[in-house]
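Just so it is clear, the model here is predicted, and its values are computed rather than measured.
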Amino acid sequence: MSMDLTGKIAFVTGGSRGMGAAIVAELASRGATVAFTYLGSPERAETVVAEVAAKGGRAKAYRADAADAQASVAVLETAVAELGGLDILVNSVGVATMGAFEDLPLDQLDHLIGVNVRSIVVTTQAAIRHLGQGGRIISIGSTASLRSPGPGLTLYTMTKSALIGMTKGLARDLGGRGVTANIVLPGPIDTEMNPADGPSAEYQSGLTSLGRYGRPEEIAGTVAFLASEAASYITGAAIAVDGGTAA
């Protein structure tokens, strides 16, 4: 079956850098028109748009604060109206907080849940109203939800585990409509937030079976597969792309 996405419209949250930017580029390279959100850097967002255009693709950036649930819904509705529909939702936005479970203040807990769970729930709720037969919901979780890599990540792991539960529930809720829901669980991936030459890189690489960090493009390739017709019989799946971290 084909992995061509020509004519499809995708919406990617958190698409201006790292794995999100790689996902935008990959979906666009396969023919999809891609809307994506960013928060802090319009320059980065425009760079992604320009790089996609230079390769013959189409992408459009929208500013949105994922911590603001109302804004998250509003920007999706705007993108759908401007681009003419929605076929693929990729929930890529996320934040991480480290620290002793008993010491993390309530405001950090609220922010973590607000971005990693609430924003994804409300964005997905809004997206479902536009998805038809063959629609795709793909969330980016973490292999930490299968195997916590060390102390200080309990609340982060909790939020990413919640997305697995949401994905499995959505697979049941939406299967009759021909819409699939899956989640990708990255391991250590070389991004600005977690560089392959960072202070914990040796430890994280050692957790993998392959002994190395992954590349954002390796996550993007899995997302593109799940978005395509080739994955039409896959739903409710949690797919680890982690170099064997959870093996």
Side-chain angles (χ1 to χ4, degrees), residues 9-25 27 34-49 59-83 86 88-99 104-131 136-142 144-145 153 155-167 170 181-186 189 191-194 216 219-220 223 227:
I9 298 172
F11 185 85
V12 179
T13 64
S16 65
R17 62 179 182 173
M19 288 182 282
I23 291 166
V24 171
L27 296 180
V34 187
F36 68 93
T37 65
Y38 70 94
L39 177 58
S41 176
E43 296 80 14
R44 283 179 178 270
E46 288 308 314
T47 296
V48 173
V49 171
K60 186 169 184 178
Y62 295 83
R63 187 184 184 280
D65 184 355
D68 184 335
Q70 188 173 9
S72 297
V73 172
V75 75
L76 181 136
E77 297 292 352
T78 297
V80 169
E82 291 183 354
L83 299 181
L86 183 66
I88 302 159
L89 171 67
V90 182
N91 293 308
S92 178
V93 71
V95 294
T97 298
M98 292 189 65
L104 285 175
L106 187 59
D107 61 340
Q108 287 189 33
L109 171 63
D110 289 343
H111 182 66
L112 197 66
I113 292 176
V115 174
N116 289 3
V117 180
R118 187 173 65 240
S119 75
I120 291 174
V121 168
V122 298
T123 299
T124 304
Q125 286 177 323
I128 286 170
R129 299 183 179 97
H130 300 284
L131 294 173
R136 302 285 190 262
I137 299 170
I138 304 160
S139 298
I140 305 300
S142 171
S145 57
L153 288 168
L155 291 176
Y156 173 76
T157 297
M158 178 191 75
T159 61
K160 292 300 185 178
S161 296
L163 298 184
I164 294 178
M166 183 190 80
T167 297
L170 287 174
N182 295 290
I183 184 167
V184 177
L185 308 177
I189 304 297
T191 63
E192 288 183 23
M193 292 180 65
N194 185 26
I219 302 302
V223 171

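- In this structure, Ala10 and Leu86 approach most closely via the heavy-atom pair C-CD1, 4.2 Å.
- The side-chain heavy atoms of Val34 and Ile23, taken from C-beta on, include no pair separated by under 4.5 Å.
- What you find for Gly141 and Leu185 is that their closest heavy atoms are CA-CD2, 4.0 Å.
- In this structure a side-chain-to-backbone donor-acceptor pair under 3.5 Å is present from Thr37 to Gly14.
- The two residues Ala227 and Leu27 make their nearest non-hydrogen contact at CB-CD2, 4.3 Å.
- Thr159 places a side-chain N or O within 3.5 Å of a backbone atom of Tyr156 that can act as its donor or acceptor partner.
- Applying the side-chain hydrogen bond (donor to acceptor under 3.5 Å, both in side chains) test to pairs two or more places apart or on separate chains, those with a residue in residues 72-82 are Lys60-Glu82, Tyr62-Glu82, Glu77-His130.
- The CG atom of Leu39 sits 12.0 Å away from the OG1 atom of Thr13 when rounded to the nearest 0.5 Å.
- With contacts defined as side-chain heavy-atom distances shorter than 4.5 Å, the pair Asn91/Ile137 qualifies.
- Scanning all heavy atoms of the two residues, the minimum distance from Ser161 to Ser145 falls at OG-CB, 3.3 Å.
- Note that CD1 of Ile120 is 6.5 Å distant from CE of Met166, once rounded to the nearest 0.5 Å.
- The two residues Lys160 and Gly94 come nearest to each other via the heavy atoms NZ-CA, 4.5 Å.
- A 4.5 Å side-chain heavy-atom check between Val75 and Phe11 finds at least one atom pair inside the cut-off.
- Arg118 CZ to His111 NE2: the interatomic distance, rounded to the nearest 0.5 Å, is 10.0 Å.
- Side-chain atoms of Leu89 and Leu76, non-hydrogen and from C-beta on, do get closer than 4.5 Å to each other.
- You'll find the side chain of Leu155 stays beyond 4.5 Å of the side chain of Thr97, heavy atoms only.
- Although no hydrogens or angles enter the test, the distance criterion places a donor-acceptor pair under 3.5 Å between the side chain of Asn116 and the main chain of Val95.
- Between Leu170 and Ile128 the shortest side-chain heavy-atom distance falls below 4.5 Å.
- Looking at residues two or more places apart in sequence or on another chain, you find no side chain to side chain donor-acceptor pair (under 3.5 Å) involving Asn182.
- Considering every non-hydrogen atom in both Leu104 and Gln108, the closest pair reads CD2-OE1, 3.3 Å.
- Counting heavy atoms from C-beta outward, Ser142 and Thr157 have side chains that stay 4.5 Å or more apart.
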